[in-house]
Amino acid sequence: MFVPRTTLGVLEGSLRRVVYSSCVLNSYSGEKLGAVQMDAEWLGRAGEYGRLPSTHVELYLPESHQVTSLALGAPLHPGLAAVQRVDGTPRFVLAETGQVVGGDQVSALWCGILGCDEGAREDDGRAAEFWRGWEASVVGRGDG
């Protein structure tokens with residue numbers, strides 16, 4: 001099957017952003033750690049490895065967060081991607097940033113913001129309903 005080079009570039013860029021958004025930078029506990037120490041903490045074995053301060057940036061990606069597949073394009077909303085992780089959990093993410101917006105279904109908030117249904121298919125009616133009257137609710141009606 002032939003896949004245009006531009007499509008491969010879009011897929012590769014989206015996949016990188018999804019993976020990077022799942023990484024931990026030098027620490028998730030507040031203490032600066034290396035990748036080996038972060039892995040030990042993730043696995044519940046903190047203290048088994050020395051706490052040597054790292055002089056460079058280290059990223060840690062837990063095995064359960066590793067991506068096995070990424071889907072973009074129809075029938076999905078153009079702003080969304082479907083991700084499958086090693087642990088078997090599906091996630092819907094923003095295609096541009098990799099931010100998770102839902103598990104098996106897109107959350108109601110993101111459905112309204114993006115204009116999609118729970119299955120990540122485009123639904124402009126949802127966006128119109130979600131945004132109707134937003135200015136009055138945020139700014140106030142001025143009658144008072």
Side-chain angles (χ1 to χ4, degrees), residues 1-46 49 51 53-144:
M1 175 174 102
F2 173 75
V3 179
R5 190 172 212 49
T6 55
T7 304
L8 288 175
V10 169
L11 280 171
E12 183 179 352
S14 292
L15 184 56
R16 283 179 191 222
R17 288 186 292 273
V18 166
V19 171
Y20 286 147
S21 73
S22 299
C23 288
V24 178
L25 176 67
N26 282 78
S27 174
Y28 54 82
S29 65
E31 182 179 354
K32 187 174 182 183
L33 303 170
V36 172
Q37 288 85 18
M38 285 187 279
D39 189 47
E41 280 199 5
W42 183 264
L43 297 172
R45 294 189 218 130
Y49 298 95
R51 301 268 188 213
S54 177
T55 58
H56 56 280
V57 172
E58 293 190 36
L59 297 176
Y60 175 63
L61 181 64
E63 184 177 353
S64 61
H65 289 60
Q66 293 174 5
V67 175
T68 58
S69 69
L70 171 77
L72 293 168
L76 296 176
H77 182 283
L80 294 173
V83 173
Q84 186 76 30
R85 299 197 187 271
V86 168
D87 65 2
T89 57
R91 297 278 187 262
F92 288 112
V93 300
L94 296 177
E96 282 295 314
T97 64
Q99 178 181 343
V100 175
V101 296
D104 293 335
Q105 296 183 338
V106 178
S107 73
L109 174 67
W110 283 104
C111 285
I113 292 171
L114 294 170
C116 66
D117 65 11
E118 291 84 1
R121 291 173 295 279
E122 204 162 5
D123 181 355
D124 290 333
R126 292 252 180 137
E129 180 63 30
F130 181 82
W131 292 107
R132 185 174 296 120
W134 74 270
E135 193 170 318
S137 67
V138 173
V139 177
R141 292 192 167 80
D143 41 288

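- In terms of heavy atoms, Gly115 sits closest to Ala127 at CA-CB, 3.6 Å.
- Atom CZ of Arg85 and atom CG of Leu70 lie 10.5 Å apart (nearest 0.5 Å).
- Between Trp131 and Ile113 the shortest heavy-atom distance is NE1-O, 3.6 Å.
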Criterion side-chain contact (heavy atoms from CB on, under 4.5 Å) on Leu114 and Leu94, from CA distance to verdict: CA-CA 10 Å; Leu114 294 170; Leu94 296 177; 4.0 Å; yes

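- Counting heavy atoms from C-beta outward, Asp104 and Pro90 have side chains that approach closer than 4.5 Å.
- Listed here is the closest heavy atom pair of His77 and Cys116: CD2-CB, 3.9 Å.
- Closest heavy-atom contact between Leu80 and Ala120: CD1-CB, 3.7 Å.
- The distance from atom CG of Asp123 to atom CZ of Arg121, rounded to the nearest 0.5 Å, is 9.5 Å.
- The heavy-atom pair separating Val106 from Cys111 by the smallest distance is O-SG, 3.6 Å.
- Salt bridge present: Glu129 and Arg132 bring a charged side-chain N and a carboxylate O closer than 4.0 Å.
- At least one side-chain heavy atom of Gln99 sits under 4.5 Å from a side-chain heavy atom of Trp110.
- How far OG1 of Thr89 is from CD of Gln84: 7.0 Å, rounded to the nearest 0.5 Å.
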